[in-house]
Amino acid sequence: MPSRTPEETFRRLLDLLRAKDMDTLADLWAEDGTADFPFAAGDSPRRLQGREAVREYLAGYPDLVDVREIPAVTVLRTDDPDTVVVEFTATGRTVATGEPYRLDYITVVTTHEGLITHYRDYWSPLAAASAAGTLPALLGALRTEDAR
């Protein structure tokens, strides 16, 4: 496989997200690559270790959110040629409710030989749950955690 730049790898990820090809999207990860979600809440994982964990995590994504467009993408290069910071917006529909979906992300992506070795995704769990129609469940889970 020819090597891609981090930006090319990320843009491929966005293409596959829109195509709802989660299996091929997971193939963009190195076998031992990680995905971190520092702001994850409720039942959402904070860290995925390895390509197969990423694949399992992404498998049901198209059943929750129908991403139709990525209208804004800004790629910021870093001092490390293998790492980029990407700001992007995803829009579409929430599958469960049919309501419009819009979420802004900031993602730090590190690649090696065209594969993602580390993916750190900063997104709002409240905005994501609202967009996915699962906000009441998330708030209930957070209340349960606070009660412990």
Taking only residues two or more places apart in sequence, or in another chain, which ones meet [X] in a salt bridge (charged side-chain N to carboxylate O under 4.0 Å, His left out)?
{"X": "Asp21", "result": "none"}
{"X": "Arg46", "result": "none"}
{"X": "Arg12", "result": "none"}
{"X": "Asp15", "result": "Arg18"}

Note, [X] side chain near [Y] side chain (heavy atom, < 4.5 Å):
{"X": "Phe37", "Y": "Ser44", "answer": "no"}
{"X": "Tyr119", "Y": "Thr107", "answer": "yes"}
{"X": "Val85", "Y": "Val108", "answer": "yes"}

Listed partners of Thr34 passing side-chain hydrogen bond (donor to acceptor under 3.5 Å, both in side chains), at least two apart
none
List the residues meeting side-chain hydrogen bond (donor to acceptor under 3.5 Å, both in side chains) with Thr117, not counting sequence neighbours, and say none if there are none.
none
Going by salt bridge (Lys or Arg N to Asp or Glu O under 4.0 Å), name the pairs with one or both residues in residues 72-85, residues two or more places apart or in two chains.
Glu7-Arg77
If a pair satisfies salt bridge (Lys or Arg N to Asp or Glu O under 4.0 Å) and one of its residues is in residues 51-63, list it, with sequence neighbours excluded.
Asp23-Arg55, Asp27-Arg55, Glu52-Arg55
Taking only residues two or more places apart in sequence or in another chain, which ones pass ring pair (Phe, Tyr, Trp, His ring centres under 6.0 Å) with Phe39?
Tyr122
Can you sort out the partners of Phe88 under ring pair (Phe, Tyr, Trp, His ring centres under 6.0 Å), two or more places apart, ordered by chain and number?
Phe10, Tyr105
What residues, two or more places apart in sequence or in another chain, satisfy side-chain contact (heavy atoms from CB on, under 4.5 Å) together with Asp32?
Ala30
Please list, chain by chain and in numerical order, all residues satisfying side-chain contact (heavy atoms from CB on, under 4.5 Å) with Pro71, sequence neighbours excluded.
Glu69, Thr89, Thr91
Can you tell me how far apart CZ (Arg11) and OG1 (Thr5) are? Round to the nearest 0.5 Å.
9.0 Å
